[in-house]
Amino acid sequence: MKEKKRENYLSWDEYFMSIAKLTAARSKDPNTQVGACIVSHDNRVLSCGYNGAPNHFNDDKFPWSREGNPLETIYMFVCHAEANAIDNYRGYKKEFEGARIYVDLFPCNECAKKIIQSGIKEVVYLSDKYADSDSTKASKILFDTCGVKYRQMNKENQKEFKLSLHPDTPIEYL
């Protein structure tokens with residue numbers, strides 16, 4: 001008798017968003033960790049990025065504070081996850097045409113422009129906590145005008161699991 005396949009495996013959306021969330025864990029930002037994962041039209045991971053300082057920028061010289069003179073805190077110097085995912089890619093940018101980007105937080109207008117220019121055609125996001133900001137409103141206008149689809153990941157079907165890096169520990173679904 002044949003065994004049935006496992007039924008609680010991750011959907012493509014859950015898989016790629018999990019990669020984005022895991023990538024966000026690289027962020028040093030104590031307030032908001034954002035990750036992004038760019039996926040080709042045929043479900044191949046092309047690139048990942050997280051919010052953090054640019055290469056060769058010493059992020060220890062500036063406090064991770066939202067208060068104070070903007071030029072004396074890190075936030076004016078941080079690259080967003082979406083921008084880093086696009087900039088980190090070392091292949092042919094033509095592969096971004098028709099791609100999707102998975103991201104924790106709905107993109108700001110600056111990242112929206114980079115997403116559009118790269119050829120990415122769909123944004124899948126978890127949170128839209130800044131929906132009322134001018135930046136997010138501008139992003140949606142940009143995406144709508146330029147034909148980039150965006151959708152919030154289906155909250156009802158999201159899985160929660162515990163991942164251990166120990167080789168003998170299986171993934172635990174919560």
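A quick note: this is a predicted structure, and the numbers were derived from the prediction, not measured.
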Peer 1: Hey, which of Asn31, Thr73, Asp59 is the one that makes side-chain contact (heavy atoms from CB on, under 4.5 Å) with Trp64?
Peer 2: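 Of Asn31, Thr73, Asp59, side-chain contact (heavy atoms from CB on, under 4.5 Å) with Trp64 is met by Asp59 alone.
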Peer 1: Can a side-chain donor-acceptor contact be found between Thr136 and Ser133 if the only test is distance below 3.5 angstrom?
Peer 2: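 Note: Ser133 and Thr136 side chains meet the donor-acceptor criterion.
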Peer 1: Do the side chain of Ser47 and the main chain of Ala85 share a donor and acceptor less than 3.5 angstrom apart?
Peer 2: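 Checked: pair present.
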Peer 1: To the nearest 0.5 Å, what is the distance between CG on Leu22 and CE on Met17?
Peer 2: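 So the CG of Leu22 and the CE of Met17 are separated by 13.5 Å.
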Peer 1: Decide whether Ile86 and Ile19 are clustered together by the hydrophobic rule: side chain heavy atoms of Ile, Leu, Val, Met, Phe, Trp, Tyr closer than 4.5 Å, transitively.
Peer 2: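 As far as the 4.5 Å side-chain criterion goes, Ile19 and Ile86 are not connected within one cluster.
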Peer 1: Do Tyr92 and Leu46 belong to the same hydrophobic cluster, where Ile, Leu, Val, Met, Phe, Trp and Tyr are linked whenever their side-chain heavy atoms lie under 4.5 Å apart, directly or via other members?
Peer 2: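 Different clusters.
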Peer 1: Start with the C-alpha gap between Lys93 and Ser118, add the side-chain angles, then the distance that decides, and say whether side-chain contact (heavy atoms from CB on, under 4.5 Å) holds.
Peer 2: CA-CA 7 Å; Lys93 297 280 182 168; Ser118 74; 5.8 Å; no
Peer 1: Is it true that the side chains of Ser139 and Asn109 contain a donor and an acceptor less than 3.5 Å apart?
Peer 2: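 Side chains of Ser139 and Asn109: no pair found under 3.5 Å.
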Peer 1: Counting only heavy atoms not in Lys28, do more than 12 fall under 6.0 Å of its NZ?
Peer 2: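 It does not: Lys28 NZ has 12 such atoms or fewer within range.
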Peer 1: Would you kindly confirm whether Val124 and Ile120 end up in one hydrophobic cluster when ILVMFWY residues are joined by side chain heavy atoms under 4.5 Å apart?
Peer 2: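 Different hydrophobic clusters.
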Peer 1: Scan side-chain atoms only and decide if Asn51 and Ser27 contain a donor-acceptor pair under the 3.5 Å cut-off.
Peer 2: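 Checked: Asn51/Ser27 side chains pair up, N/O donor to acceptor below 3.5 Å.
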Peer 1: Given Glu122 and Val148, is the side-chain contact (heavy atoms from CB on, under 4.5 Å) satisfied, shown in steps?
Peer 2: CA-CA 5 Å; Glu122 185 174 14; Val148 175; 5.8 Å; no
Peer 1: Going by heavy atoms in the side chains, are Ile38 and Tyr89 under 4.5 Å from each other?
Peer 2: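 Of all side-chain heavy-atom pairs linking Tyr89 with Ile38, none is under 4.5 Å.
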Peer 1: Do side-chain atoms of Glu14 reach the backbone of Ser11 as a donor and acceptor pair under 3.5 angstrom?
Peer 2: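 A pair under 3.5 Å: yes.
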Peer 1: Taking only residues two or more places apart in sequence or in another chain, which ones pass salt bridge (Lys or Arg N to Asp or Glu O under 4.0 Å) with Arg44?
Peer 2: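 Partners of Arg44 under the salt bridge (Lys or Arg N to Asp or Glu O under 4.0 Å) test: Asp42, Glu95.
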Peer 1: If the plane angle is over 60° it's perpendicular, under 30° parallel, otherwise tilted; pick one for Tyr15 and Trp12.
Peer 2: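 If you compare the ring of Tyr15 with that of Trp12, the planes turn out perpendicular.
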Peer 1: Do Pro63 and Ile74 make a side-chain contact, defined as non-hydrogen atoms from C-beta onward lying under 4.5 Å apart?
Peer 2: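 In short, these two side chains do not touch, never coming nearer than 4.5 Å.
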Peer 1: Sequence neighbours left out, cut at 3.5 Å: what donor-acceptor pairs do the side chains of residues 97-106 make with other protein atoms?
Peer 2:
residue : atom : partner : partner atom : Å
Glu97   : OE1  : Lys94   : NZ           : 3.4
Arg100  : NE   : Tyr102  : OH           : 2.9
Arg100  : NH2  : Asn43   : OD1          : 2.6
Arg100  : NH2  : Tyr102  : OH           : 3.4
Tyr102  : OH   : Asp13   : OD1          : 2.6
Asp104  : OD1  : Gly35   : N            : 2.8
Asp104  : OD2  : Lys21   : NZ           : 3.3

Peer 1: With a 4.5 Å limit on heavy-atom distance, are the side chains of Tyr150 and Lys140 in contact?
Peer 2: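 SC-SC contact between Tyr150 and Lys140 confirmed.
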Peer 1: Let me see the working for Cys48 and Asn88 under side-chain contact (heavy atoms from CB on, under 4.5 Å), right down to the final yes or no.
Peer 2: CA-CA 7 Å; Cys48 295; Asn88 286 341; over 6 Å; no
Peer 1: In the structure I gave you, are the side-chain heavy atoms of Cys108 and His80 within less than 4.5 Å of one another anywhere?
Peer 2: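 Yes, side chains in contact.
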Peer 1: Do the side chains of Pro107 and Val123 get nearer than 4.5 Å, heavy atoms only?
Peer 2: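 They are in side-chain contact.
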Peer 1: Should Val34 and Met153 be counted in the same cluster of Ile, Leu, Val, Met, Phe, Trp and Tyr side chains packed under 4.5 Å apart?
Peer 2: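 Different clusters.
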Peer 1: If you define the side chain from C-beta out and look only at heavy atoms, does anything of Asp87 sit under 4.5 Å from Cys79?
Peer 2: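 Of all side-chain heavy-atom pairs linking Cys79 with Asp87, none is under 4.5 Å.
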Peer 1: Are any non-hydrogen side-chain atoms of Glu110 and Ile115 less than 4.5 angstrom apart?
Peer 2: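 Glu110 does not reach Ile115 side chain to side chain.
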Peer 1: Can you get from Phe96 to Phe143 by hopping between Ile, Leu, Val, Met, Phe, Trp and Tyr side chains that sit under 4.5 Å apart?
Peer 2: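 Linked, Phe96 and Phe143 end up in one cluster.
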Peer 1: When the ring centroid of Tyr75 is compared with that of Phe62, is the distance short of 6.0 Å?
Peer 2: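 Here the rings of Phe62 and Tyr75 have centres that are no less than 6.0 Å from each other.
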Peer 1: I would like to know whether Asp29 and Tyr50 meet side-chain hydrogen bond (donor to acceptor under 3.5 Å, both in side chains); could you show each step before the answer?
Peer 2: CA-CA 10 Å; Asp29 188 334; Tyr50 57 90; over 6 Å; no
Peer 1: Got a sec: does the CD of Gln152 have more than 12 other heavy atoms crowding it under 6.0 Å?
Peer 2: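 Yes, enclosed.
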